[in-house]
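First comes the structure, then the notes that go with it.
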Amino acid sequence: MTNTDPVAVPAIVDAVIRSRRSVRAFLPTPVPRAVVAELLDVARSAPSNSNTQPWFVHVLAGEPKRHLCEALRRSHEADALPPSAHFPAELPQDCASRQADFGVRYYGALGIDRADAAARARQSGRNFAFFDAPVGLIFTIDRGLTRHSWADFGMFLQTLMIAARARGLDTCPQVSFVRHEPVIADLLDLPQGRTVVCGMSLGHADPEAPVNRLRMPRAAVGEFAVFRGL
């Protein structure tokens, strides 16, 4: 970073981070393999406990992606697999209020009444088409690893998303794939003992889609941080 403007660098990095959002409508514009490989090359710089690097990534496009999407669509419509528990039975109140606010904003942006279960299910099904993004990613981890390695994986995912945003690309991390792990494991031939962390859509956001104009509020620093000795 020598000979780099010490004021400009933070401003650029901050702008990239703040511009990241979960995009749920993509253009069909292709993303070259070399670009995806470059993103993963940057993301592997993420920290991990004792350099264990617990991440593994399946990158899908074209026919392999289409086959997976079709299988996931059928599984979603059959609704036969047990729901995955993304949250505990009772969320802490602050988290629960934010989740409720998200639902109001999200379905409102789509023009879907939250009481319209069929429309909500159809929209949930859009996850399994990777929201029409040209590239879909499935992330897996060894099932025997602990929450500390899952934290490492989160840092890897965030690094990947920021690297994508710095190149004008958009992403959407998606835990909805976890429910359909048996389908994914079969089609991607996952080794015994590996489990799905999440999926991710990668591509160029559709600027005309109303859902992509959705901006979610964030709690102020004073609401989640306590300073001592500073």
Side-chain angles (χ1 to χ4, degrees), residues 21-37 39-40 43 55-86 103 106-107 109-114 116-143 153 156-157 160-161 164 169-212 214:
R21 64 194 189 280
S22 294
V23 164
R24 294 180 175 87
F26 288 83
L27 298 172
T29 310
V31 177
R33 173 178 174 148
V35 172
V36 181
L39 298 177
L40 294 172
W55 40 78
F56 196 88
V57 189
H58 297 260
V59 183
L60 301 159
E63 279 300 295
K65 174 174 160 286
R66 188 183 68 80
H67 284 308
L68 178 63
C69 289
E70 279 297 307
L72 290 170
R73 178 189 60 79
R74 291 192 296 269
S75 182
H76 173 68
E77 291 177 353
D79 196 24
L81 292 170
S84 54
H86 299 164
Y106 178 50
Y107 291 113
L110 292 162
I112 295 174
D113 189 315
R114 292 200 70 195
D116 190 341
R120 290 176 63 185
R122 285 193 296 272
Q123 179 60 28
S124 294
R126 298 286 302 132
N127 279 280
F128 307 117
F130 292 99
F131 297 113
D132 296 328
V135 177
L137 303 106
I138 299 291
F139 302 92
T140 67
I141 191 171
D142 188 291
R143 191 182 299 274
F153 214 127
F156 172 81
L157 293 169
L160 173 61
M161 291 187 285
L169 294 166
D170 292 286
T171 55
C172 184
Q174 296 154 261
V175 296
S176 53
F177 287 91
V178 172
R179 181 186 185 191
H180 303 277
E181 182 174 290
V183 176
I184 295 169
D186 181 54
L187 283 181
L188 300 186
D189 196 24
L190 296 187
Q192 187 73 22
R194 293 204 72 83
T195 189
V196 174
V197 175
C198 67
M200 185 182 291
S201 301
L202 171 68
H204 297 272
D206 180 354
E208 302 302 319
V211 71
N212 285 342
L214 181 65

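Each residue takes its place number in the sequence, starting with 1.
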Partner set under side-chain hydrogen bond (donor to acceptor under 3.5 Å, both in side chains) for [X], not counting sequence neighbours:
X	value
S84	H86
S22	none
T195	E181

Testing the basics here: between V31 and G203, what is the closest heavy-atom pair and its distance to 0.1 Å?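 Reported closest heavy-atom pair: CG2-CA, 3.9 Å.
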
Where do L202 and F26 come nearest, in terms of heavy atoms and distance?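 Nearest pair, atom of L202 first, then F26: C-CE2, 4.0 Å.
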
Hey, can you pull the donor-acceptor pairs under 3.5 Å for the side chains in residues 129-140, sequence neighbours left out?
unit_1 : atom_1 : unit_2 : atom_2 : d
D132   : OD2    : R126   : NH2    : 2.6
T140   : OG1    : R194   : NE     : 3.0

Y106: what forms a ring-ring contact (aromatic ring centres under 6.0 Å, His included) with it, not counting sequence neighbours?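 If we apply the ring-ring contact (aromatic ring centres under 6.0 Å, His included) test to Y106, skipping adjacent residues, the hits are F102.
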
Look up atom [atom1] in [X] and atom [atom2] in [Y], then write down how far apart they are to the nearest 0.5 Å.
X	Y	atom1	atom2	result
L72	K65	CG	NZ	11.0 Å
R66	L60	CZ	CG	13.0 Å
R21	T171	CZ	OG1	9.5 Å
F177	L68	CZ	CG	7.0 Å
R24	L214	CZ	CG	7.0 Å
W55	I141	CH2	CD1	9.5 Å

Apply side chain to side chain contact (heavy atoms under 4.5 Å, CB included) to H58 and L190, showing your working. CA-CA 10 Å; H58 297 260; L190 296 187; 3.3 Å; yes

Partners meeting side-chain contact (heavy atoms from CB on, under 4.5 Å) with [X] (sequence neighbours left out):
X	value
R122	A118, A119
A37	none
A71	R74, V183, L187
Q192	none

Would you say the side chain of L81 lies within less than 4.5 Å of the side chain of P182, judging by non-hydrogen atoms?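 When only atoms from C-beta onward are counted, L81 and P182 do touch, with a gap below 4.5 Å.
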
With sequence neighbours left out, write down each residue that passes salt bridge (Lys or Arg N to Asp or Glu O under 4.0 Å) with R73, or none if nothing qualifies.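 Here the qualifying residues are E70, E77.
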
Partners meeting salt bridge (Lys or Arg N to Asp or Glu O under 4.0 Å) with R179 (sequence neighbours left out):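 R179 satisfies salt bridge (Lys or Arg N to Asp or Glu O under 4.0 Å) with D79 only.
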
When you look at L160 and V57, which way does the side chain to side chain contact (heavy atoms under 4.5 Å, CB included) test go after all the steps? CA-CA 11 Å; L160 173 61; V57 189; 5.9 Å; no

Parallel, tilted or perpendicular: rings of F128 and H76 (30°, 60°):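 Geometry flag for F128 against H76: tilted rings.
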
Among residues two or more places apart or on two chains, list those pairs meeting side chain to side chain donor-acceptor pair (under 3.5 Å) that have a residue in residues 198-209.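 Passing the test, one end in residues 198-209: Q174-S201.
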
